[in-house]
Amino acid sequence: MKFKRWNKIPGLLFGIALVTALLAVPVSADSERVTPEAGYAAHDYTIKTLYHEDQAANGLYEWYSGGLDVGYADVAEYFDGANPNNDGLLARVYVHQNSFYQEEPYEQWMETNMYTQTGEYVTTLVDDGGGWPQCVKIIGNEVWFSFTGGSGAGFYSVPWSPDDLSVYPATPQLEVPDIDYNWEVEVSALDGEIFFAGLAGDEWEPPADVDHAIWHIDQVTNAVTLILDVGGYSSGFAIDSAGNLWSGEYLLGWDPTMHIEACRLGMWTKAQVDAVIAGGTYLQWSDATVVIDLGTRAGTTYNWGPNDIEADSGGNVYVSLNTYSSWGENYEYGAVIQVYPHEGSYATKYITDTDSTGNDNWDWHRGMAFDGEADIDTGGYTDPTQFPSITGNRLYLDMDHNQNDPNSPDQVVGITVAADYDNDGVPDSLDNAPETANAGQEDTDGDMYGNAVDADFNNNGSVNIADKAILGQAFTTYNPDCDFDSNGSINILDKAKFGVRFNTSEPWY
């Protein structure tokens, strides 16, 4: 693998970026569907599925999504293998699950897909019948995924091949059979141990009082061990930077409004978990070291229920929350909270909140993925020279497509601190040109540099005579990589912007 090499910002280019930022028209950095709390910002990226553009004409519908992870893959090489400089050039991607159906003849199927950081479809990792998609996670050199409610429900894996995307779609390997409502899989950053959550099938014969539970899988013997009887319905879990286990309990009242009952978040220490793996008795809520009541959404009588849980390397935990009413009610809300160490225990604060005013805007706060090296509050820019450490810190949230409109696409919402140097509505930690306004975030060559600043058309790290020749050819043939303002034409304005960057080298902000 190779990575983009960034040097100090050339003085001339920094001046141009500064002028551009000063001239940019300030816009809100808020997502259209998520309202950040003070100090935070969110930006929507639309997941453009393979079927989205023509699904209405062909009777294809996106039905459900579940699972989100962030990785880095060689999408530039995949898009343009003829350029040798693209080989091994990693860029941020989403791995995401969708299920689809067609009306006539009726058929439902599930896919695990890869998208660029701006939501463009790249390739399908797994094209499988399956049922309802639940989770997807990059674990070492594998991608684990699960589905529920269908024949063969359980956890599967395919190779994670970021350098060679031509291996996809790949044939999945069954990792954990006969596990339904399999909401989450996680790996401990401390020791590489793998855990998963779900209900057990008949073959397992678990304790009779176990509903939703968390299990450990031995990677040598494939033996599974019940770690925690969570109870309730599906909820995500996380292993924090100290190896502690965090889980939520999601309860439904099943009354006419399906208003969820009071829910909670708990933490069990690594020592407790290790003792169970060594042969001890499985854990219950009475063993929790920390229990946090998730409470009720302010101004309502609707209790929060946990959906997914993620952890960063700074000891913080993030929880996506939902309220839930009946399918015909208009009381759907979502939020993300941060749980952080405070005075010997833990405290919580809101990062985002939403108000879905009616069934037409019904979006679930589902899977999350943290991308970075520290606390989300440290913000920062992405720095490819620091791979695998990433200086920009951000949280990605999967929000289902509008449940009342199957033609609407899924949405990934990037959440980070509110700093937005160029005032283009995209916070710095999510921006592929953080000092030059480019609200559209176009990046047609998939190298993580926005078109607005990327004059290195051959991706060799510098702008020179070879790039000038590529631009010259684009004047007559059109090349989207050379279209700085992404207006569909190559003209004198693009030539002028190229001239400013001639004889410069990375980074381009």
Side-chain angles (χ1 to χ4, degrees), residues 1-20 23 72-93 116-118 120 122-123 162-166 382-385 387 422 424 431-509:
M1 298 182 185
K2 67 180 180 182
F3 306 101
K4 283 265 183 179
R5 183 169 301 280
W6 289 23
N7 303 314
K8 291 183 178 180
I9 304 174
L12 175 61
L13 183 56
F14 180 83
I16 293 168
L18 178 61
V19 171
T20 303
L23 293 177
Y72 289 79
D74 194 352
V75 293
E77 167 74 5
Y78 187 72
F79 288 149
D80 181 14
N83 182 357
N85 296 323
N86 288 339
D87 184 22
L89 186 63
L90 302 189
R92 186 182 301 116
V93 293
T116 70
Q117 65 172 353
T118 54
E120 299 291 341
V122 178
T123 188
D163 292 320
D164 182 11
L165 302 185
S166 67
T382 299
D383 185 354
T385 65
F387 280 97
D422 57 14
D424 63 356
D431 201 329
N432 61 20
E435 295 180 5
T436 302
N438 65 329
Q441 294 288 289
E442 293 85 358
D443 175 20
T444 53
D445 64 356
D447 65 353
M448 288 180 63
Y449 287 121
N451 281 16
V453 296
D454 188 1
D456 181 17
F457 307 134
N458 62 5
N459 286 336
N460 70 349
S462 64
V463 181
N464 52 37
I465 193 67
D467 300 295
K468 185 176 182 180
I470 294 173
L471 178 65
Q473 185 179 21
F475 263 82
T476 57
T477 61
Y478 185 72
N479 181 343
D481 296 349
C482 302
D483 190 358
F484 285 91
D485 51 16
S486 299
N487 66 351
S489 66
I490 310 298
N491 53 39
I492 192 67
L493 295 178
D494 299 294
K495 184 176 181 180
K497 291 175 181 178
F498 175 84
V500 170
R501 289 173 169 79
F502 191 71
N503 282 334
T504 61
S505 59
E506 299 172 281
W508 294 288
Y509 289 136

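A donor-acceptor pair under 3.5 Å is formed between the side chain of R501 and the backbone N or O of V453. Although no hydrogens or angles enter the test, the distance criterion places a donor-acceptor pair under 3.5 Å between the side chain of D456 and the main chain of G461. Using modelled atom types, one side-chain atom of N491 and one backbone atom of L493 make a donor-acceptor pair closer than 3.5 Å.
Looking at residues two or more places apart in sequence or on another chain, you find a side-chain contact (heavy atoms from CB on, under 4.5 Å) between E77 and D74, N86, D87. Every side-chain contact (heavy atoms from CB on, under 4.5 Å) that T444 has, sequence neighbours left out, goes to N451, P480, D481. Partners of E120 by salt bridge (Lys or Arg N to Asp or Glu O under 4.0 Å), not counting sequence neighbours, listed by chain and number: K48. Residues passing the side chain to side chain donor-acceptor pair (under 3.5 Å) test with N503, sequence neighbours excluded: none. Judged as a side chain to side chain donor-acceptor pair (under 3.5 Å), and not counting sequence neighbours, the contacts of S166 are D164.
Rounded to the nearest 0.5 angstrom, R92 CZ and T118 OG1 are separated by 10.5 Å. To the nearest 0.5 angstrom, N85 atom CG is 14.0 Å from F457 atom CZ. In this structure, N432 CG and Q441 CD are separated by 4.0 Å, a value rounded to the nearest 0.5 Å. For the atom pair CD of E506 and OG1 of T504, the computed distance is 9.5 Å after rounding to the nearest 0.5 Å. Considering CG of N487 and CD of E442, their distance stands at 10.0 Å, rounded to 0.5 Å.
Counting only residues at least two apart or on different chains, the side-chain hydrogen bond (donor to acceptor under 3.5 Å, both in side chains) pairs with a member in residues 462-475 are S462-N464.
Put simply, the side chain of V93 does not reach to within 4.5 Å of the side chain of T116, judged on heavy atoms.
Nearest heavy atoms, D447 versus Y449: OD1-N, 3.0 Å. Closest of all the heavy-atom pairs between D424 and D431 is OD2-OD2, 3.1 Å. Nearest heavy-atom pair, A433 versus D422, reported as atom, atom and distance to 0.1 Å: O-OD2, 2.9 Å. Contact detail for A455 and F484: the closest heavy-atom pair is CB-CZ, 3.8 Å. V122 and Y78 get closest at one heavy-atom pair: O-CE2, 3.2 Å. When every heavy atom of G488 is checked against every heavy atom of D483, the shortest pair comes out as N-OD2, 2.8 Å.
Of the listed residues (V463, N479, I490), just one forms a side-chain contact (heavy atoms from CB on, under 4.5 Å) with L471, and that residue is I490.
No side-chain N or O of N83 forms a donor-acceptor pair with one of N458 less than 3.5 Å apart.
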